[in-house]
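Accompanying notes for the structure given below.
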Amino acid sequence: MFEHERREGQPFVVDVVLELELDTVSDDLDRTVSYADIADEVESVITGEPRDLIETVAGEIASRCLSHGRVERVTVTVHKPQAPLTQSFSDVSVTISRSRHV
């Protein structure tokens, strides 16, 4: 991360895909994962301590998602649409997948 990025900040977009066994018959909130809680976790990482690499950001988000007991696997994509590159691009991103079984 460049110093001006730390000073001025950068916009990020994060996609999170959670894999877990779901009970699609009942309507019991205790049998799923709160996407509001996940969104809070993502926001906490994005607005927290600055990181030099979006890979590190993605890894921290994945770890936090896996800490929710029902989540078996998570795929996180961190987009950095205003990355400081001289080439034309619409998006720069990194995608990682983590599983509690690996």
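Quick note: residue numbers are just sequence positions, from 1. Values below: every heavy atom of this structure, side chains too, minus hydrogens, waters and symmetry copies.
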| said: Could you walk me through whether Ser63 and Arg98 satisfy the side chain to side chain contact (heavy atoms under 4.5 Å, CB included) test, starting with their C-alpha distance in whole Å, then the side-chain angles of each, then the deciding distance to 0.1 Å, before giving a yes or no? | reply: CA-CA 8 Å; Ser63 294; Arg98 297 287 187 267; over 6 Å; no
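- In this model, a donor atom of one side chain and an acceptor atom of the other lie less than 3.5 Å apart for Ser44 and Arg64.
- Nearest heavy atoms, Pro81 versus Pro11: CD-O, 3.6 Å.
- Residues Ser97 and Thr75 come closest through the heavy atom pair OG-OG1, 2.9 Å.
- For the pair Cys65 and Val74, the tightest heavy-atom approach, listed with the atom from each and the gap, is CB-CG2, 3.9 Å.
- Between the side chains of His68 and Asp37, no donor N or O sits under 3.5 Å from an acceptor N or O.
- Using modelled atom types and a 3.5 Å distance limit, the side chains of Ser93 and Thr77 yield no donor-acceptor pair.
- Taking 4.5 Å as the limit, every side-chain heavy atom of Tyr35 sits out of range of all side-chain heavy atoms of Leu18.
- Arg31 and Asp23 make their closest contact through NE-OD2, 2.9 Å (heavy atoms, listed as atom of the first residue, atom of the second, distance).
- Rounded to the nearest 0.5 Å, atoms CZ (Phe12) and CD (Glu43) are 14.0 Å apart.
- Listed here is the closest heavy atom pair of Val33 and Ile38: CG1-CG1, 3.7 Å.
- Annotation for Ala62 and Ile96: closest pair CB-CD1, 4.0 Å, computed over non-hydrogen atoms.
- Cluster membership for Val57 and Val17, using ILVMFWY side-chain heavy atoms within less than 4.5 angstrom, is not shared.
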Test side chain to side chain contact (heavy atoms under 4.5 Å, CB included) on Val42 and Asp40; report intermediate values, then the result.
CA-CA 6 Å; Val42 171; Asp40 285 343; over 6 Å; no
### Query
Under the side chain to side chain contact (heavy atoms under 4.5 Å, CB included) criterion, do Val14 and Ile61 qualify, and how do the steps go?
CA-CA 9 Å; Val14 179; Ile61 291 169; 4.0 Å; yes
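- Two different hydrophobic clusters hold Ile46 and Val13 under the rule that ILVMFWY side chains link at heavy-atom gaps under 4.5 Å.
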In sequence, state the C-alpha distance, the side-chain angles, and the governing distance for Arg73 and Arg100, and then conclude on side chain to side chain contact (heavy atoms under 4.5 Å, CB included). CA-CA 6 Å; Arg73 184 172 181 78; Arg100 72 175 56 258; over 6 Å; no
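- Expressed to the nearest 0.5 Å, how far OG of Ser67 lies from CD of Glu41 amounts to 5.5 Å.
- Atom CG of Asp27 has 12 or fewer heavy atoms from other residues, nucleotides or ligands within 6.0 Å.
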